[in-house]
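Some notes on the structure that comes next.
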Amino acid sequence: MDHFLHDHPVNPRTDSEKQAAVNRLKRIEGQVRGIQKMIEEDRYCVDILVQISAINAALKKVGFQVAERHVKHCVSHAVKSGEGEKSIEELMEVLKRFSK
């Protein structure tokens, strides 16, 4: 994807924001390893599917938190600086991918 507006956030994430996101992603990583183990142990398919569903939900939650921050900071800044249309188009393109 072309990043025609900003390669870096207008308002960089705080250390606590970064740590919270990293902690969520580490939990998701642990869940993925758990599914690998479930498959190796030939666990019941439905139990595996339930865990996959939980991971999908957790990833979407992280994605929406990133999107929310993007709207509140980057898109807001772009609108104020006259680049709002480009920023909104970029956001809508990525949200279309995200919703598939």
Side-chain angles (χ1 to χ4, degrees):
M1 180 175 182
D2 293 330
H3 301 283
F4 52 83
L5 294 172
H6 303 284
D7 287 331
H8 300 285
V10 172
N11 185 356
R13 291 166 189 85
T14 64
D15 287 343
S16 64
E17 285 176 321
K18 287 179 191 177
Q19 195 58 55
V22 166
N23 289 345
R24 283 190 296 272
L25 291 168
K26 285 182 179 180
R27 279 194 299 277
I28 293 167
E29 182 181 21
Q31 288 176 289
V32 171
R33 279 195 302 274
I35 291 175
Q36 291 169 342
K37 187 175 180 184
M38 291 174 79
I39 289 173
E40 288 169 353
E41 295 173 353
D42 203 25
R43 296 274 298 275
Y44 185 52
C45 294
V46 171
D47 293 340
I48 294 169
L49 292 170
V50 166
Q51 290 304 309
I52 290 171
S53 177
I55 290 170
N56 282 333
L59 276 173
K60 281 195 173 207
K61 184 176 180 184
V62 173
F64 280 116
Q65 288 169 337
V66 171
E68 180 180 20
R69 190 181 195 291
H70 179 67
V71 169
K72 288 181 176 179
H73 295 282
C74 303
V75 175
S76 174
H77 175 78
V79 168
K80 290 173 186 169
S81 65
E83 296 180 9
E85 192 172 322
K86 286 181 184 177
S87 182
I88 291 167
E89 284 176 21
E90 179 186 55
L91 175 62
M92 293 312 298
E93 265 314 303
V94 78
L95 288 179
K96 285 176 193 170
R97 292 182 194 184
F98 196 78
S99 66
K100 289 181 180 180

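For clarity, every value in this text was computed on a predicted model and none was experimentally measured.
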- Residues passing the side-chain contact (heavy atoms from CB on, under 4.5 Å) test with Val50, sequence neighbours excluded, are Val46

- Message: Is it the case that the side chain of Ser81 and the backbone of His77 share a donor-acceptor pair, with hydrogens and angles ignored and the cut-off at 3.5 Å?
- Response: yes

- Item | For the student: nearest non-hydrogen atoms of Arg13 and Val66, plus distance | NH2-CG1, 4.4 Å

- Task: Could you list the residues that satisfy side-chain contact (heavy atoms from CB on, under 4.5 Å) with Ile55, not counting sequence neighbours?
- Result: Ile28, Gln31, Val32, Ile35, Leu59

- Message: If I take atom CG from residue Asp15 and atom CD from residue Glu17, how far apart are they, to the nearest 0.5 angstrom?
- Response: 9.5 Å

- Message: If the condition is side-chain hydrogen bond (donor to acceptor under 3.5 Å, both in side chains), which residues does Glu68 pass it with, not counting sequence neighbours?
- Response: Lys72

- Qualifying side-chain hydrogen bond (donor to acceptor under 3.5 Å, both in side chains) pairs, either residue in residues 48-67, two or more places apart: Arg24-Gln65

- Run the salt bridge (Lys or Arg N to Asp or Glu O under 4.0 Å) check on Glu29 and Arg33 step by step: do they pass? CA-CA 6 Å; Glu29 182 181 21; Arg33 279 195 302 274; 3.5 Å; yes

- Query: Taking only residues two or more places apart in sequence, or in another chain, which ones meet Lys96 in a salt bridge (charged side-chain N to carboxylate O under 4.0 Å, His left out)?
  - Reply: Glu93

- Query: Looking at residues at least two apart in the chain, or sitting in another chain, which of them share a side-chain contact (heavy atoms from CB on, under 4.5 Å) with Glu85?
  - Reply: Glu89

- Task: Output every pair passing ring-ring contact (aromatic ring centres under 6.0 Å, His included) with a member in residues 21-50, not counting sequence neighbours, ordered by first then second residue.
- Result: none

- Message: Please tell me whether Val79 and Val94 are part of a single hydrophobic cluster in this structure, the criterion being side-chain heavy atoms less than 4.5 Å apart.
- Response: yes

- For Ala78 against Ser87, the heavy-atom pair lying closest together: CB-CB, 3.4 Å

- Note on the structure: Between Leu91 and His70 the two heavy atoms that sit nearest each other are CD1-CD2, 3.9 Å

- Task: Mind checking side-chain hydrogen bond (donor to acceptor under 3.5 Å, both in side chains) for Asp42 and listing every partner two or more places apart, or none if nothing turns up?
- Result: none

- Task: Give every residue pair that meets the ring-ring contact (aromatic ring centres under 6.0 Å, His included) criterion with at least one member in residues 46-67, sequence neighbours excluded.
- Result: Phe64-Phe98

- Message: Return the CD to CD1 distance between Gln36 and Ile48, rounded to the nearest 0.5 Å.
- Response: 11.5 Å

- Message: Once side-chain contact (heavy atoms from CB on, under 4.5 Å) is applied, do any residues pair with Lys80, and if so which ones, sequence neighbours excluded?
- Response: Ser76

